Asker: 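Would you mind keeping the following structure in view while I ask a few things?
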Amino acid sequence: QVQLTESGGGLVQPGGSLRLSCAASGSIFSSYTTVWYRRAPGKQRELVASISRGGFTNYADSVKGRFTISRDNAKNTVYLQMNSLKLEDTAVYYCNSVTSSGSLVGIWGQGTQVTVSS
């Protein structure tokens with residue numbers, strides 16, 4: 001199956017920016033909706049942003065206006081541009097693709113840690 005690998009996380013100050021990348025081992029992003037998730041310690045996994053195969057995007061209310069999801073099908077990569085970062089954005093960020101019925105398509109990567117701290 002398709003392996004997903006997240007990268008681009010790091011330690012940033014409040015108000016800073018990061019660009020996360022989600023690379024797939026196969027060309028799946030053009031066929032499915034792709035989703036960025038995050039999980040903070042002691043909290044459930046949260047859907048952050050998604051992009052459909054047609055390019056339609058959705059965002060959690062908590063990140064709308066600050067985060068932008070995009071895709072480069074030729075590179076088998078989905079991106080998450082994160083601006084105006086807040087302390088509450090601290091989490092491990094994961095990506096995956098889902099079918100129309102909600103089933104996960106790819107193999108989970110290790111995620112990438114985003115830490116927002118002054």
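Nothing here was measured: the structure is a model prediction, and the numbers come from that model. Basis for what follows: all heavy atoms, side chains included, without hydrogens, waters or symmetry-related copies.
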Asker: Taking atom types as modelled, is there a side-chain donor on Ser117 or Thr115 under 3.5 Å from an acceptor on the other?
Answerer: no
Asker: Taking atom OH of Tyr79 as the centre, report whether more than 12 heavy atoms of other residues, nucleotides or ligands fall under 6.0 Å from it.
Answerer: yes
Asker: Measuring only between side-chain heavy atoms, which start at C-beta, is Leu11 closer than 4.5 Å to Gln113?
Answerer: no
Asker: Starting from Tyr37, can I reach Val48 by hopping between I/L/V/M/F/W/Y residues whose side chains sit under 4.5 Å apart?
Answerer: no
Asker: Angle between ring planes, Tyr94 versus Trp108, binned at 30° and 60°: parallel, tilted or perpendicular?
Answerer: perpendicular
Asker: With the side chain counted from C-beta on, respond yes when Arg38 and Val63 share a heavy-atom pair under 4.5 Å apart, and no when they do not.
Answerer: yes
Asker: Considering only residues two or more places apart or on different chains, which pairs with a residue in residues 56-69 satisfy salt bridge (charged side-chain N to carboxylate O under 4.0 Å, His left out)?
Answerer: Arg66-Asp89
Asker: So for atom CD, which belongs to Gln3, do other residues, nucleotides or ligands contribute more than 12 heavy atoms lying within a distance under 6.0 Å?
Answerer: yes
Asker: State, yes or no, whether a side-chain contact exists between Tyr32 and Val98 at a heavy-atom distance under 4.5 Å.
Answerer: no
Asker: Mind checking the CE-OG1 spacing from Met82 to Thr68? Nearest 0.5 Å is all I need.
Answerer: 11.0 Å
Asker: Between the side chain of Gln110 and the main-chain N/O of Thr5, is any donor-acceptor distance below 3.5 Å?
Answerer: no
Asker: Taking Arg71 for its side chain and Ser52 for its backbone only, find out whether a donor-acceptor pair lies under 3.5 Å.
Answerer: yes
Asker: Please answer whether the main-chain N or O of Gly106 pairs with a side-chain N or O of Asn96 as donor and acceptor at a distance below 3.5 Å.
Answerer: yes
Asker: Minimum heavy-atom separation for Val35 to Ser50, with atom names?
Answerer: CG2-CB, 3.9 Å
Asker: Go through the side-chain N and O atoms of Ser97 and Thr34 and say whether any donor and acceptor fall under 3.5 Å apart.
Answerer: yes
Asker: Taking all heavy atoms of Pro14 and all of Ser118, pick out the closest pair and write down the distance.
Answerer: CD-N, 3.8 Å
Asker: Do the non-hydrogen side-chain atoms of Ile69 and Phe67 ever get within less than 4.5 Å of each other?
Answerer: no
Asker: According to side chain to side chain contact (heavy atoms under 4.5 Å, CB included), who are the partners of Ser27, at least two apart in sequence or on a separate chain?
Answerer: Asn76
Asker: Look at the side-chain heavy atoms of Ile, Leu, Val, Met, Phe, Trp and Tyr, link any pair under 4.5 Å apart, and say whether Val92 and Trp36 land in one connected group.
Answerer: no
Asker: So which heavy atom on Arg39 is nearest to which on Ala91, and how close?
Answerer: O-CB, 3.5 Å
Asker: Could you grab the distance from atom CZ of Arg19 to atom CG of Asn83, nearest 0.5 Å is fine?
Answerer: 11.5 Å
Asker: Locate the shortest heavy-atom distance separating Cys22 from Leu4; write the atom from each residue and the value.
Answerer: SG-CD2, 4.3 Å
Asker: Would a hydrophobic clustering, with Ile, Leu, Val, Met, Phe, Trp and Tyr connected at side-chain separations under 4.5 Å, put Tyr59 with Phe56?
Answerer: no
Asker: Do you know the tightest heavy-atom contact between Phe29 and Ala24?
Answerer: CZ-CB, 3.6 Å
Asker: Under 4.5 Å between any side-chain heavy atoms of Val78 and Leu80, yes or no?
Answerer: no
Asker: Of all the heavy-atom pairs spanning Cys95 and Glu6, show the shortest one and how long it is.
Answerer: N-OE2, 3.0 Å
